[in-house]
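We count ligands from 1, going down the list as the structure has it; atoms in each ligand are counted the same way. Nothing here was measured: the structure is a model prediction, and the numbers come from that model.
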Amino acid sequence: MTAVKSVILAAGMGSRMKSKKPKVLHALGGQPMISHLMGTVSKISAETPIVVISPDMADVAKVVAPAKTVVQPTAEGTGHAVSFALDELDGFAGTVLILYGDTPLISEETLTQMINVREGADNPAVVVLGFEPEDPLEYGRLVSSSDDELDAIVEFADASEQVRKSRLCNSGVMAIDGAVIRELIEAIGNDNAKGEYYLTDVVEIARKADRTCKFVIGDELELLGVNSRVQLAEAEKIIQRIWRLAAMDSGVTLIDPDTVFFSYDTELGQDVLVEPNVFFGPGVKVGAEARIKANSHLEGCHVGSGSQIGPFARLRPGANLGTDVKIGNFVEVKKSDLAEGVKVSHLSYIGDATIGSEANIGAGTITCNYDGYDKYQTTIGAGAFIGSNTALVAPVSVGKGAIVGAGSTVTKTVEDDALIVERANEVQKPGWASRFRALKARLKS
Ligand code: UD1
Ligand code: MG
């Protein structure tokens with residue numbers, strides 16, 4: 001394969017999203033949609049892509065770095081956008097892939113197929129990726145009189161009734177011969193329904209110069225263009241389905257796959273079992289044979305093998321759990337290291353803590369890690385037993401094997417192997433309750 005350079009168009013306003021945020025930064029599977037595309041492109045070419053952005057998209061430039069960004073000062077169409085990448089392509093005679101930042105689901109295989117056609121028989125100037133969606137909506141239409149040769153692309157706004165009836169649509173993805181891209185792009189005009197410079201015109205321009213143009217047909221599911229929130233949700237559905245199947249194929253059990261949500265980087269070990277309604281945000285790794293019980297939310301955390309999480313557990317960023325840890329219902333863990341065999345079985349908040357192996361944290365234990373200004377650490381030694389409803393006021397440490405009596409508020413260091421109980425003295429008055437009830441009854445009558 002000869003060299004391939006990619007140009008990703010992302011300067012459009014994305015007005016149909018009705019958002020203050022650039023369209024390509026809307027998240028898909030836990031990362032900006034343009035990052036999906038960058039990931040796919042990096043698998044087929046070592047060349048850094050060129051991303052076309054608008055002047056107010058410094059945040060997009062940051063997300064795509066170290067990719068090169070070029071600025072399109074005003075959004076005057078996809079052809080106009082590509083013209084700003086031309087200087088970066090000067091002297092490059094390989095294949096230039098043009099991708100749209102809002103078409104993020106395209107696969108490595110499809111791009112490779114396009115490059116092969118571009119570099120194969122007849123040396124076509126342009127190869128366009130077409131698809132035949134159930135509902136062709138307002139996509140541009142491919143006009144062709146043969147199986148693989150392309151005559152023109154007509155935008156929906158400019159299409160006759162006859163052309164609109166065709167279901168053969170333009171995905172937006174193109175592979176163009178780098179040797180002629182400048183002359184093709186510079187020949188594009190804006191005499192059309194939208195008054196824009198349409199990239200799609202390169203097909204007719206190349207044909208007039210007696211160069212062949214071809215198309216390949218891709219899978220509709222890969223080529224959904226995200227222009228609205230509804231399409232964003234459709235893209236999410238598609239990508240989740242792919243990830244669920246991949247997880248099951250790799251040896252993970254999903255009891256009800258349709259209710260489990262993954263992120264782009266979720267890693268689940270062999271024989272992990274995921275119960276219904278579980279959400280994996282970015283940055284989650286789960287070791288082999290762990291069980292994630294129903295209605296749990298995990299993000300930025302590591303779950304050791306053999307651990308049991310939930311039901312109704314929340315693991316927040318920096319929760320780092322060793323092997324065979326048990327996190328029960330209504331427990332939240334944040335930025336804490338829990339060593340092997342630790343149990344936090346019910347109704348607790350563990351934040352900014354380090355807990356030694358086999359420690360048992362009783363129901364309702366809270367690490368009071370925040371004073372409104374700063375965060376403080378709690379350290380619990382191996383084998384310690386923290387009684388129910390304990391408040392650990394950080395910074396504080398409980399020694400190895402120590403026992404904290406239920407209901408204590410612990411503010412000072414607890415030595416190894418000590419018992420600490422912090423509680424008001426109990427007062428007991430025999431017979432008081434029945435005297436009280438008798439008094440109340442008299443007053444009511
Ligand atoms: C485009 C295609 C249409 C195709 C559809 C597939 C053209 C003229 N039309 O239409 O044939 O069926 O995609 O989804 O190419 N952009 C810029 N600068 C601009 C305009 C757009 O960078 O001035 C970028 C956008 O950020 C977006 C991409 O180009 O990532 C496509 O633009 P969009 O406005 O969504 O084009 P469509 O109307 O969807
Ligand atoms: Mg679009």
Side-chain angles (χ1 to χ4, degrees), residues 6-17 19 21-26 28 32-38 49-57 60-61 63-64 69-85 97-106 126 128-133 135-143 150 152-159 163-164 166-174 176 184-185 188-205 215 218 220 222-232 234-235:
S6 311
V7 176
I8 299 177
L9 305 189
M13 289 169 301
S15 51
R16 285 167 279 178
M17 293 295 279
S19 173
K21 191 158 71 172
K23 171 159 77 175
V24 296
L25 293 188
H26 280 264
L28 197 59
M33 69 171 100
I34 196 164
S35 303
H36 283 280
L37 204 49
M38 305 288 296
I50 303 152
V51 182
V52 184
I53 58 174
S54 71
D56 53 354
M57 287 185 178
V60 176
V63 166
V64 300
T69 43
V70 293
V71 173
Q72 181 192 17
T74 46
E76 295 178 50
T78 46
H80 184 249
V82 175
S83 73
F84 291 88
L97 269 184
I98 313 278
L99 299 145
Y100 289 175
D102 70 349
T103 308
L105 301 175
I106 186 144
V126 181
V128 173
L129 181 59
F131 66 126
E132 296 180 288
D135 182 353
L137 302 166
E138 297 192 354
Y139 288 112
R141 302 295 204 272
L142 304 191
V143 180
L150 188 59
I153 306 176
V154 183
E155 284 306 287
F156 183 82
D158 300 281
V163 169
R164 285 183 183 183
S166 156
R167 277 180 50 230
L168 187 53
C169 292
N170 174 29
S171 71
V173 182
M174 284 188 192
I176 302 182
L184 295 180
I185 297 291
I188 298 173
N190 66 350
D191 183 15
N192 52 51
K194 289 192 182 164
E196 285 185 357
Y197 295 85
Y198 294 159
L199 172 62
T200 45
D201 285 356
V202 292
V203 172
E204 273 182 286
I205 293 167
F215 67 96
E220 176 182 3
E222 281 183 23
L223 299 175
L224 174 79
V226 177
N227 299 299
S228 64
R229 309 269 180 163
V230 171
Q231 285 173 324
L232 180 64
E234 283 170 21

protein heavy-atom neighbour closest to atom 33 (P) of ligand 1 works out as Asp102 OD2, 4.3 Å
Cut-off under 2.8 Å, centre the Mg ion (ligand 2), protein N/O/S atoms = Asp102 OD2, Asn227 OD1
Does even one non-hydrogen atom of Gln231 get within less than 4.0 Å of ligand 1?
-> no
Is Gly77 in polar range of ligand 1, meaning some N or O pair under 3.5 Å apart?
-> yes
Within-4.5 Å side-chain heavy-atom neighbours: Val52 and Val82 = no
Please state which part of Arg16 comes within less than 4.0 Å of ligand 1, counting heavy atoms only: side chain, backbone, both or neither.
-> side chain
When you look for heavy atoms under 4.0 Å from ligand 1, do you find them on the side chain of Glu76, its backbone, both, or neither?
-> backbone
Minimum heavy-atom separation for Gln72 to Ala81, with atom names?
-> NE2-N, 3.2 Å
Any N or O of Tyr198 closer than 3.5 Å to N or O of ligand 1 | no
Test: Arg141 cationic atom under 6.0 Å from Phe156 six-membered ring centre, within 45° of axis = no
Can you find an N or O of Ala11 that's nearer than 3.5 Å to an N or O of ligand 1?
-> yes
So the atoms of ligand 1 within less than 4.0 Å of a heavy atom of Asn170 turn out to be 2 (C), 3 (C), 4 (C), 5 (C), 6 (C), 11 (O), 12 (O)
Any nitrogen or oxygen of Leu9, main chain or side chain, under 3.5 Å from a nitrogen or oxygen of ligand 1?
-> yes
Got an N/O contact under 3.5 Å between Gly12 and ligand 1?
-> yes
Check each heavy atom of Ser171 against ligand 1 and say whether those closer than 4.0 Å belong to the side chain, the backbone, both or neither.
-> backbone
So, is Thr74 polar-close to ligand 1, with some N/O to N/O distance under 3.5 Å?
-> no
Side chain or backbone of Ala75 under 4.0 Å from ligand 1, or both, or neither, by non-hydrogen atoms?
-> both
Can you find an N or O of Gly140 that's nearer than 3.5 Å to an N or O of ligand 1?
-> yes
Can you list the ligand 1 atoms lying under 4.0 Å from a non-hydrogen atom of Thr200?
-> 7 (C), 8 (C), 11 (O), 15 (O)
For Tyr100 and ligand 1, does the shortest N/O to N/O distance drop below 3.5 Å?
-> yes
Number the atoms of ligand 1 from 1 as they appear, then name those within less than 4.0 Å of a heavy atom of Lys23, with their elements.
-> 35 (O)
Side chain or backbone of Glu138 under 4.0 Å from ligand 1, or both, or neither, by non-hydrogen atoms?
-> neither
Of all the heavy atoms in Arg141, does at least one lie under 4.0 Å from an atom in ligand 1?
-> no
With heavy atoms of Glu155 as the reference, note each atom of ligand 1 found under 4.0 Å away.
-> 2 (C), 3 (C), 7 (C), 8 (C), 9 (N), 11 (O)
For Ala81, the atoms of ligand 1 under 4.0 Å from one of its heavy atoms are 17 (C), 18 (N), 22 (O)
At a 4.0 Å threshold, what atoms of ligand 1 neighbour a non-hydrogen atom of Gln72?
-> 17 (C), 18 (N), 19 (C), 22 (O), 23 (O)
Nearest non-hydrogen protein atom, atom 7 (C) of ligand 1 | Thr78 OG1, 3.4 Å
Mode of Asn227 contact toward ligand 1 - side chain, backbone, both, neither (heavy atoms, under 4.0 Å) | side chain
Atom 36 (O) of ligand 1 touched by protein heavy atom at under 4.0 Å = no
